[in-house]
**Q** 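Attaching a single structure in structure tokens format; questions to follow.
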Amino acid sequence: MNEQIILSVENLSKTYESAGEPVHALKNVSFSLKKGELIAVMGTSGSGKSTLLNVLGALDEPNSGKVSVNGQYSKSMFKEPLATDYRRDNIGFIFQSYNLLKDLTVEENIGLPLLLKEESKDEIDRKTGEMMELMGLGNWKHHRPVQLSGGQQQRVAIGRALITEPPIVLADELTGNLDTNTAKEILRVLTDMKEKFNQSMLVVTHDPKVATYADRVLFFHDGEIVDEYKCTGTDDIDRIMHIFQKILEGQPV
Ligand SMILES: Nc1ncnc2c1ncn2[C@@H]1O[C@H](COP(=O)(O)OP(=O)(O)OP(=O)(O)O)[C@@H](O)[C@H]1O
Ligand SMILES: [Mg+2]
């Protein structure tokens with residue numbers, strides 16, 4: 001990790017309407033993500049974590065605030081067609097439910113972003129082949145998602161998210177459907193990739209073990225960052241659990 005800030009978020013707010021009532025999903029959220037940094041986002045259910053990822057991935061538009069990438073800020077980045085360009089050039093998404101296309105093979109799922117970028121067939125074959133090897137999916141390239149385990153499906157989803165080498169990866173509960181050992185393997189793959197491509201990652205999780213893989217943990221409650229923890233490599237899990245428990249109990253932190 002170096003000190004270069006890749007993503008800067010300033011006073012980001014998002015309010016939804018629900019049954020005629022405003023829901024303040026994000027309230028003046030500010031933080032920055034450095035090049036090569038992995039930030040875990042933890043928080044109570046409904047605290048705005050998915051909303052944050054959706055806004056940072058320009059899938060949803062904030063009501064106010066600024067998001068800058070590499071110091072560049074564009075007011076219209078949340079509007080099409082710029083939103084699509086922004087996503088294509090900057091963002092890889094990984095979801096809890098994998099979101100693979102069920103009629104496509106492993107190879108076709110992983111190569112899809114390159115196809116959308118209109119890269120040549122040779123390039124697509126080369127890059128997809130490399131990625132399948134990195135993900136340990138070489139023997140599965142002609143399989144369809146339904147023929148794979150959860151961990152394998154998530155590796156396909158990671159391969160697809162990383163194939164364009166996006167500088168920023170956003171992951172929402174990526175190990176939420178996996179057992180402990182598979183979750184560990186997925187996190188190892190993800191952190192290896194982060195080192196290889198020097199990417200920056202924002203990983204939403206409710207699992208303190210997942211959060212220990214991060215450089216920093218941001219704790220959300222009620223649409224706000226209420227605490228922050230820097231991982232040291234010693235006793236991180238106990239400290240993260242302690243902070244999270246306090247937030248769950250509604251105590252001031
Ligand atoms: N499209 C929407 N329309 C209305 N309200 C929404 C919408 N999306 C989210 N919300 C509300 O915004 C708040 C934040 O939701 P969000 O999904 O970001 O929470 P979360 O932290 O990801 O929760 P969880 O841990 O349960 O996934 C919640 O009160 C939710 O009901
Ligand atoms: Mg969520």
**Q** Check for me, please, whether Val69 and Leu53 land in the same ILVMFWY cluster - side-chain distances under 4.5 Å, paths through other members count.
**A** yes

**Q** Rounded at 0.5 Å granularity, tell me how far CG in Leu7 sits from CD1 in Ile91.
**A** 7.0 Å

**Q** So does Arg126 pair up with Glu123, basic N to acidic O under 4.0 Å?
**A** yes

**Q** For Asp235 and Tyr229, which heavy atoms make the closest approach, and how far apart are they?
**A** O-OH, 4.4 Å

**Q** Under 3.5 Å, side chain of Lys27 to main-chain N/O of Asp222, donor-acceptor pair present?
**A** yes

**Q** Drop me the distance from Asp192's CG to Leu134's CG, to the nearest 0.5 angstrom.
**A** 9.0 Å

**Q** For Glu17, does the CD atom have more than 12 heavy-atom neighbours from other residues, nucleotides or ligands under 6.0 Å away?
**A** yes

**Q** For Lys209 and Asp207, work out which heavy atoms get closest and say how close.
**A** N-OD1, 2.8 Å

**Q** Using modelled atom types only, decide if a donor and an acceptor are shared between the side chain of Ser47 and the backbone of Gly223 within a distance under 3.5 Å.
**A** no

**Q** Among side-chain atoms of Thr15 and His24, is any donor-acceptor pair under 3.5 angstrom?
**A** yes

**Q** Any heavy-atom pair between the side chains of Asn11 and Lys66 that's under 4.5 Å?
**A** no

**Q** Could you tell me which non-hydrogen atom of Pro145 sits nearest to which non-hydrogen atom of Leu104, and how far apart they are?
**A** CD-O, 3.2 Å

**Q** One pair to check against side chain to side chain contact (heavy atoms under 4.5 Å, CB included): Ser64 and Leu12. What are the steps and the verdict?
**A** CA-CA 6 Å; Ser64 57; Leu12 201 65; over 6 Å; no

**Q** Looking at Asp60 and Lys14, does any basic side-chain N land under 4.0 Å from a carboxylate oxygen?
**A** yes

**Q** Can you find a side-chain donor-acceptor pair between Asn99 and Ser97 that sits under 3.5 Å?
**A** yes

**Q** Could Glu185 and Arg155 be called an ion pair, given the rule that one side-chain N must be under 4.0 Å from one carboxylate O?
**A** yes

**Q** Evaluate whether atom NZ of Lys117 has more than 12 neighbouring non-hydrogen atoms of other residues, nucleotides or ligands under 6.0 angstrom away.
**A** yes

**Q** Between the side chains of Lys49 and Glu173, is the shortest nitrogen-to-carboxylate-oxygen separation below 4.0 Å, so that they form an ion pair?
**A** no

**Q** Short question: side chain of Arg144, backbone of Asp103 - any donor-acceptor pair under 3.5 Å?
**A** yes

**Q** Give the minimum heavy-atom separation between Ser68 and Glu10, together with the two atoms involved.
**A** OG-OE2, 4.2 Å

**Q** Would Gln96 and Asn177 count as having a side-chain donor-acceptor pair, cut-off 3.5 Å?
**A** yes

**Q** Might you point out which heavy atoms bring Lys35 and Pro167 nearest each other, and give the distance in Å?
**A** NZ-CB, 4.5 Å

**Q** Any luck finding a side-chain donor-acceptor pair between Ser13 and Asn63 under 3.5 Å?
**A** no

**Q** Would you say the side chains of His221 and Thr44 form a donor-acceptor pair under 3.5 Å?
**A** yes

**Q** Hey, quick one: are Met77 and Val55 part of the same hydrophobic cluster, counting side-chain heavy atoms closer than 4.5 Å, chains of contacts allowed?
**A** yes

**Q** Can you tell if the side chain of His143 reaches within under 4.5 Å of the side chain of Thr105, non-hydrogen atoms only?
**A** no

**Q** Examine Val204 and Ile240 and state if one hydrophobic cluster contains both, with Ile, Leu, Val, Met, Phe, Trp and Tyr joined whenever side-chain heavy atoms are less than 4.5 Å apart.
**A** no

**Q** Are side-chain heavy atoms of Lys34 and Ile6 found at a separation under 4.5 Å?
**A** no

**Q** Would you sort out whether Val217 and Glu228 count as a side chain to side chain contact (heavy atoms under 4.5 Å, CB included), showing the intermediate values?
**A** CA-CA 6 Å; Val217 188; Glu228 179 180 331; over 6 Å; no

**Q** Is there a path of hydrophobic side-chain contacts, each under 4.5 Å between heavy atoms of I, L, V, M, F, W or Y residues, that connects Leu218 with Ile237?
**A** no

**Q** Test your reading of the model: is there a side-chain donor-acceptor pair from Ser32 to the backbone of Ile5, 3.5 Å cut-off?
**A** no

**Q** Got a second to check how far Glu224's CD is from Ser30's OG, nearest 0.5 Å?
**A** 11.0 Å

**Q** Answer whether the closest heavy-atom distance between the side chains of Val41 and Phe219 falls below 4.5 Å.
**A** no

**Q** So how far is it from Ile39 CD1 to Leu170 CG, rounded to the nearest 0.5 Å?
**A** 11.0 Å

**Q** Give the intermediate values and the outcome of side chain to side chain contact (heavy atoms under 4.5 Å, CB included) for residues Leu52 and Phe220.
**A** CA-CA 10 Å; Leu52 175 71; Phe220 274 69; 3.8 Å; yes

**Q** Does Lys79 pair with Glu61 as a salt bridge, N-O distance under 4.0 Å?
**A** yes

**Q** Can you pull the ring pair (Phe, Tyr, Trp, His ring centres under 6.0 Å) pairs that have at least one residue in residues 73-98, sequence neighbours excluded?
**A** Phe93-Phe95

**Q** Is the closest side-chain heavy-atom distance between Val169 and Ser200 below 4.5 Å?
**A** no

**Q** Output the distance between atom CD1 (Ile186) and atom CG (Leu190), rounded to the nearest 0.5 Å.
**A** 8.5 Å

**Q** Could you check whether Glu80 pairs with Arg87 (Lys NZ or Arg NE/NH1/NH2 to Asp/Glu carboxylate O, under 4.0 Å)?
**A** yes

**Q** To the closest 0.5 Å, what do you measure between CG (Leu114) and OG1 (Thr128)?
**A** 5.5 Å

**Q** Tell me if a side-chain donor or acceptor on Glu37 pairs with a main-chain N or O of Asp215 at a distance below 3.5 Å.
**A** no

**Q** Test side chain to side chain contact (heavy atoms under 4.5 Å, CB included) on Met135 and Val189; report intermediate values, then the result.
**A** CA-CA 7 Å; Met135 292 290 143; Val189 167; 3.5 Å; yes

**Q** Could you pull out the closest heavy-atom pair between Gly151 and Leu178, with the gap in Å?
**A** N-CD2, 3.5 Å

**Q** Do the side chains of Leu174 and Val203 get nearer than 4.5 Å, heavy atoms only?
**A** yes

**Q** Are Asp236 and Arg239 within salt-bridge range, i.e. N to O under 4.0 Å?
**A** no

**Q** Compare all side-chain heavy atoms of Leu100 with those of Arg160 and state whether any distance is below 4.5 angstrom.
**A** yes

**Q** Could you check whether Ser18 and Glu21, counting side-chain N and O atoms only, form a donor-acceptor pair closer than 3.5 Å?
**A** no

**Q** Do Gln4 and Asn70 have side-chain atoms, one donor and one acceptor, less than 3.5 Å apart?
**A** yes

**Q** Using a strict threshold of under 4.0 Å (side-chain N to carboxylate O), is an ion pair present between Lys121 and Asp125?
**A** yes

**Q** With the side chain counted from C-beta on, respond yes when Leu56 and Leu202 share a heavy-atom pair under 4.5 Å apart, and no when they do not.
**A** yes

**Q** Just checking, any donor-acceptor pair under 3.5 angstrom between side chains of Thr182 and Asp179?
**A** yes

**Q** Looking at Lys127, is its backbone amide N or carbonyl O close enough to the side chain of Glu130 to form a donor-acceptor pair, meaning the two atoms are under 3.5 Å apart?
**A** no

